[in-house]
Amino acid sequence: MPAPISARPVGGTSAPAGASYAPALTLLASLFFMWGFITVINNTLLPHLRSVFDLNYTQTTLIESVWFIAYFFASIPSAKLIERIGYQKSLVIGLLVMAAGALGMVLAASLPSYGVTLVMLFVIASGITLLQVAANPYVAVIGPSDTASSRLNLVQAMNSAGTMLAPLFGAYLILGRSKGGTSEAGTVLTQAERLADAQSVILPYVLVAVVLVVLAVIIARFPLPAMGSATSRVAKEERKKHSLWNHRNLVFGVPAIFIYLIAEIGVANLFVNFVSQPDIANVTNELAGRYLTLLWGGMMVGRFVGSFVMQKVDAGKVLAFFSIGAFVVMLGATFLHGPAAMWSLILVGLFHSIMFPTIFTLGIKGLGPLTEEGSGLLIMAIAGGALVVVQGWLADKYGLQWSFLLTAACELYILFYALWGSKVTNPIADVPPDTDVFN
């Protein structure tokens with residue numbers, strides 16, 4: 001029977017009897033919630049900005065592309081910053097960068113300016129990237145090593161909770177308070193109405209900025225343990241003997257993450273515009289934003305179900321089943337009409353749920369001392385979400401519904417990865433960890 005968390009060592013180190021890591025884990029989980037929440041606000045922000053700036057689908061999805069480009073450009077500088085100033089200070093800086101970007105959105109709304117909006121979203125996403133790079137190692141070592149997976153699943157569930165609640169927040173405070181959000185699809189706004197709609201973004205982002213600053217202050221004052229570098233030194237020598245390119249599961253896993261992000265972000269970003277169409281659900285953008293909550297809720301439910309199933313069934317087989325399900329419902333979203341098409345698109349959230357964490361886990365399996373580099377490549381692959389602009393171009397050229405064939409094609413690659421690409425080749429034994437995890 002595992003010892004209680006309050007009395008167990010952390011990452012193989014001796015911990016004082018009675019020391020509890022639950023408060024620190026709770027605080028870290030709040031970060032996962034916040035970046036999931038802020039990321040998904042974009043899904044309700046995009047149709048709003050589309051009406052404010054009179055954007056086509058390519059220009060609309062470019063907004064999300066800028067968001068994910070930040071993952072590519074900010075990941076390496078984030079790692080360098082963490083190495084220089086440590087994890088706790090990096091978490092604080094990440095939150096403050098996000099708060100600065102949120103306040104910058106107030107400026108963008110006041111002008112209003114499409115260009116300034118793009119810049120500020122890049123700033124917010126850069127802050128989230130820093131949190132991603134810093135928080136994941138913290139969660140892994142904040143308690144006993146044998147329960148690390150359980151902790152990571154817990155904070156991922158909190159991330160899903162944030163993504164589920166964000167559409168309600170955005171639908172009420174952004175779409176629900178704007179002319180474009182409460183009008184029928186195709187309504188042409190006057191210049192005065194567009195200006196008023198642009199300013200409806202101010203209150204939500206002020207609230208977000210305040211919460212982020214409060215979190216930054218709490219984390220700055222919280223006694224989080226500092227991560228040591230001894231284990232990194234051991235692994236550094238061992239890594240010289242091996243090559244990442246010898247591991248099929250990683251080589252095919254990086255594009256799997258990249259391609260999956262195209263599918264997930266494309267569905268989420270175009271969901272509101274798709275559902276509000278007259279031949280689909282014929283509802284306002286505000287109501288469509290509420291239906292988006294069901295998509296993200298399906299992702300949260302799917303993660304709990306998938307986690308339970310994978311205790312008894314091979315993860316690759318579960319991933320294959322979910323990818324087939326995603327492919328089928330995407331065909332439904334493409335070729336059906338009315339509520340059937342809408343519910344098909346909602347169901348893809350359930351099938352997408354386990355894909356990112358499962359691909360990530362399969363991708364680093366058997367890497368041993370190369371796990372750190374492999375994880376870094378998989379995180380950088382999140383930049384695949386930037387290619388959602390391709391789906392925007394397809395929507396402009398061939399129609400929004402036909403553009404979901406791109407998503408269906410992405411599901412087929414995930415199926416390939418689950419059945420063959422994820423097979424481990426040349427597995428390496430883990431380097432025994434040094435006892436100096438914290439210093």
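This structure is a prediction, so every number in the text was calculated from the model and none was measured.
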Requested in this report: Verify the neighbour count for atom CZ of Phe72: are there more than 12 heavy atoms of other residues, nucleotides or ligands below 6.0 Å?
Outcome: no
Requested in this report: Only one of Leu212, Val211, Val206 passes side chain to side chain contact (heavy atoms under 4.5 Å, CB included) with Val208; say which it is.
Outcome: Leu212
Requested in this report: Please report the C-alpha distance between Leu95 and Leu31 in whole Å, then the side-chain angles of each, then the deciding distance to 0.1 Å, and finally whether the side-chain contact (heavy atoms from CB on, under 4.5 Å) criterion is met.
Outcome: CA-CA 9 Å; Leu95 288 166; Leu31 299 183; 3.8 Å; yes
Query raised in the report: What are the two closest non-hydrogen atoms of Ala125 and Ala70, and how far apart are they?
Result: CB-CB, 3.5 Å
Query raised in the report: Heavy-atom distance under 4.5 Å between the side chains of Leu350 and Val329, does that happen here?
Result: no
Query raised in the report: Would the Tyr291 and Phe271 ring centres measure less than 6.0 Å apart?
Result: no
**Report entry** Distance (rounded to the nearest 0.5 Å) between Ile414 CD1 and Ser422 OG
**Finding:** 10.5 Å
Requested in this report: Taking Arg303 for its side chain and Ile354 for its backbone only, find out whether a donor-acceptor pair lies under 3.5 Å.
Outcome: no
Query raised in the report: Do Ser353 and Val301 come within less than 4.5 Å of each other through their side chains, counting heavy atoms only?
Result: no
Query - Geometric class of the Tyr71/Phe68 ring pair [parallel <30°, tilted 30-60°, perpendicular >60°] - result: parallel
**Report entry** Atom of Ala315, atom of Leu362 and distance for their closest heavy-atom approach
**Finding:** CB-CD2, 4.3 Å
Report task. Dump the intermediate steps for side-chain contact (heavy atoms from CB on, under 4.5 Å) on Leu319 and Tyr417, then the final yes or no. Result -> CA-CA 9 Å; Leu319 180 61; Tyr417 181 71; 4.1 Å; yes
Requested in this report: For residues Ala263 and Glu411, report the shortest heavy-atom separation together with the two atoms involved.
Outcome: CB-OE2, 4.1 Å
Report task. Please report the shortest heavy-atom distance between Gln391 and Ile262, naming the atom on each side. Result -> OE1-O, 4.5 Å
Query raised in the report: Can Val267 and Met330 be said to form a side-chain contact (heavy atoms from CB on, under 4.5 Å), step by step?
Result: CA-CA 9 Å; Val267 168; Met330 287 314 304; 4.2 Å; yes
Query raised in the report: Atom CD1 of Ile265 and atom CD1 of Ile382: how far apart are they, to the nearest 0.5 Å?
Result: 9.5 Å
**Report entry** Distance in Å, Leu287 CG paired with Leu292 CG, rounded so as to fall on 0.5 Å steps
**Finding:** 11.5 Å
Report summary line: Closest non-hydrogen atoms of Trp296 and Ala268, given as atom of the first, atom of the second and distance, are CZ2-CB, 3.5 Å
Query raised in the report: Are any non-hydrogen side-chain atoms of Ile128 and Met98 less than 4.5 angstrom apart?
Result: yes
Report summary line: Distance col, row Leu294:CG vs Leu345:CG, nearest 0.5 angstrom, shows 11.5 Å
Query raised in the report: Between Leu336 and Trp343, is any pair of side-chain heavy atoms under 4.5 Å apart?
Result: no
Report task. Kindly say whether Ala333 contributes a backbone atom to a donor-acceptor pair with the side chain of Gln401 at under 3.5 angstrom? Result -> yes
Query raised in the report: Is the closest side-chain heavy-atom distance between Leu378 and Leu250 below 4.5 Å?
Result: yes
Requested in this report: Could you check Leu261 against Phe356 for side-chain contact (heavy atoms from CB on, under 4.5 Å), going step by step and ending with a plain yes or no?
Outcome: CA-CA 8 Å; Leu261 261 293; Phe356 180 87; 4.1 Å; yes
Query raised in the report: Is the backbone N or O of Phe33 less than 3.5 Å from a side-chain atom of Asn159, with the two atoms forming a donor-acceptor pair by type?
Result: no
Query - Min side-chain heavy-atom separation Leu215-Ser30 under 4.5 Å - result: yes
Report task. Answer whether the closest heavy-atom distance between the side chains of Leu270 and Leu400 falls below 4.5 Å. Result -> yes
**Report entry** Between SG on residue Cys410 and CZ on residue Phe404, distance to nearest 0.5 Å
**Finding:** 12.0 Å
Query raised in the report: Is the backbone N or O of Met355 less than 3.5 Å from a side-chain atom of Thr358, with the two atoms forming a donor-acceptor pair by type?
Result: no
Query raised in the report: If you look at every heavy atom in Met380 and Ser75, which pair is closest and at what distance?
Result: CG-OG, 3.2 Å
Query raised in the report: Would a 4.5 Å heavy-atom cut-off, applied to side chains only, mark Tyr413 and Tyr260 as touching?
Result: no
**Report entry** Output field: ring centroids Phe322/His352 closer than 6.0 Å
**Finding:** no
Query raised in the report: Going through the checks in order, is the ring-ring contact (aromatic ring centres under 6.0 Å, His included) test met by Phe122 and Phe73?
Result: CA-CA 10 Å; Phe122 182 88; Phe73 285 103; 7.0 Å; no
**Report entry** Main-chain N/O of Gln277 paired to Asn282 side chain as donor or acceptor, under 3.5 Å
**Finding:** no
Requested in this report: State the CG-OG1 distance between Leu405 and Thr334, to the nearest 0.5 angstrom.
Outcome: 4.5 Å
